[in-house]
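The structure presented is a predicted model; accordingly, all values stated were derived computationally and were not measured. Just so it is clear: chains get the letters A, B, ... in the order the sequence lines come, proteins before strands, and each one is counted from 1.
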2 protein chains.
Amino acid sequence: MSLLQEKERFKEALEEKGIKNTKHRIAILGILAETQMPLTAEEVFLNLKDKDISIWISTVYRTLETLSAKGLTIKSSFMDDGKARYQLNQNEHKHHLICIKCHKMIPIDECPFHDIEEELKDKVNFQVIGHKFEIYGYCSECKSLNR
Amino acid sequence: MSLLQEKERFKEALEEKGIKNTKHRIAILGILAETQMPLTAEEVFLNLKDKDISIWISTVYRTLETLSAKGLTIKSSFMDDGKARYQLNQNEHKHHLICIKCHKMIPIDECPFHDIEEELKDKVNFQVIGHKFEIYGYCSECKSLNR
DNA sequence: ATGACTGCAAAAGTTTTGCAACGGT
DNA sequence: ACCGTTGCAAAACTTTTGCAGTCAT
């Protein structure tokens, strides 16, 4: 997809969610689309600076919170390092292999949850809202660098 | 299990890991065993204060980090609220249903991972270290309170 | 007695908030 | 023109660190 097409797609997504289409929001969505990796607010901020886009880190935080509240991005903190990470919500039901070292995410097709969802609903009285399934380890590159 | 038995068990666990057996460590493990819920450092701290145990919050943090490094507790930050939570490592391979509201954890026997582990190893060159599988929603009590 | 652990204070790091100015619809 | 968004500064909050004294082995 071209950058222009992408920009247009983001613009439409913002409209659909009823929030304003600003250059910062488009830029942040662009960064997340480009890196295809969950980024901390600071990483997003630095990426923007690299592109000579002037923005304040509080705006990055506010934007990422807003986008996550609207479902355009997903906030998670799976790394347990005290930093929240944000990624584009690709709106596909996907899970990932996550490299502990470089944070690369490798999407996988498997979703084990659906198989046991029914089973669970009957066994325990629990209203399921969502689930998280992530596998941690070293990707092929980091694996070879590591030893 | 009686409190005394528990204390003895914790003491042995600390010895086994080669770290000192102090009243604070025993107390913190006790809180985690008692609540059976992932707690933030502050929650652990407040629980201790309730029991008139004098401790500094930095000690709570240091202790929880140490216990997690030794595998006696597990650190996670699945709630995406910027706070790390710690729970007892019961040393069983378990996953949980986690109530979004009260943070209650309901253990489940299912682990979908093992079924697809082999499959993945072949498909992608990825060295698996661990995985996280959690299901979020409302437990039966919070469910009825909610609507 | 030695080294690990803790009390305490202070700093570091991340995230949030307030307010005025700015920008999109 | 209106109201959501952003720049900027400052505060709030979570977590870490340093050092001296204490405690477990």
Exercise for the section: For residues A:E8 and A:K11, determine if any side-chain heavy atom of one lies less than 4.5 Å from a side-chain heavy atom of the other. Expected result: yes

Problem - Atom pair distance, as rounded to whole Å: CG in B:L67 and P in C:dA4 - result: 16 Å

Problem - Verify same cluster id: A:W56, A:I31 (apolar side-chain graph, 4.5 Å) - result: no

Completion exercise
If each end axis of the helix from C:dA1-D:dT25 to C:dT25-D:dA1 is fitted on five C1' pair positions, the angle between them, to 10 degrees, is 40°

Handout entry: Nearest-angstrom distance from the residue atom NE2 of A:H24 to P of D:dT5
Key = 13 Å

Completion exercise
B:L64 CG to C:dT6 P, in whole Å, measures 11 Å

Practice task
Compare all side-chain heavy atoms of B:T22 with those of B:L14 and state whether any distance is below 4.5 angstrom.
Solution key: no

Exercise for the section: Answer yes or no: is there a side-chain heavy-atom contact under 4.5 Å between B:T73 and B:L29? Expected result: yes

Problem - Any A:E43 side-chain heavy atom under 4.5 Å of A:T35 side chain - result: no

Problem - A:K75 vs A:E65 side-chain heavy atoms within contact, under 4.5 Å - result: yes

Problem - d(CZ, A:F45; P, C:dT14) in whole Å - result: 12 Å

Problem - d(CD, B:E43; C1', D:dC13) in whole Å - result: 15 Å

Completion exercise
For B:G30 and B:F10 the tightest heavy-atom approach is N-CE1, 3.6 Å

Exercise for the section: Summarise how protein sits on nucleotides 15-25 of chain D as a single string, 5' to 3': B when a protein heavy atom is under 4.0 Å from the base, S for sugar-phosphate-only contact, - for no contact. Expected result: BBBBB----BS

Problem - Contact check, side chains of B:I19 and B:R25, non-hydrogen atoms, under 4.5 Å - result: yes

Completion exercise
Whole-Å distance, A:D81 CG to C:dA12 C1', equals 15 Å

Exercise for the section: Evaluate the side-chain proximity of A:L64 to A:V60: yes if any heavy-atom separation is below 4.5 Å, no if none is. Expected result: yes

Exercise for the section: Whole angstrom is fine here: how far is it from NZ in A:K70 over to P in D:dG4? Expected result: 11 Å

Practice task
Looking at every strand, decide which applies to A:S54 at a 4.0 Å heavy-atom threshold: base, sugar-phosphate, or nothing.
Solution key: sugar-phosphate

Exercise for the section: Grab the CG-P distance between A:L48 and D:dG7 for me, whole Å please. Expected result: 10 Å

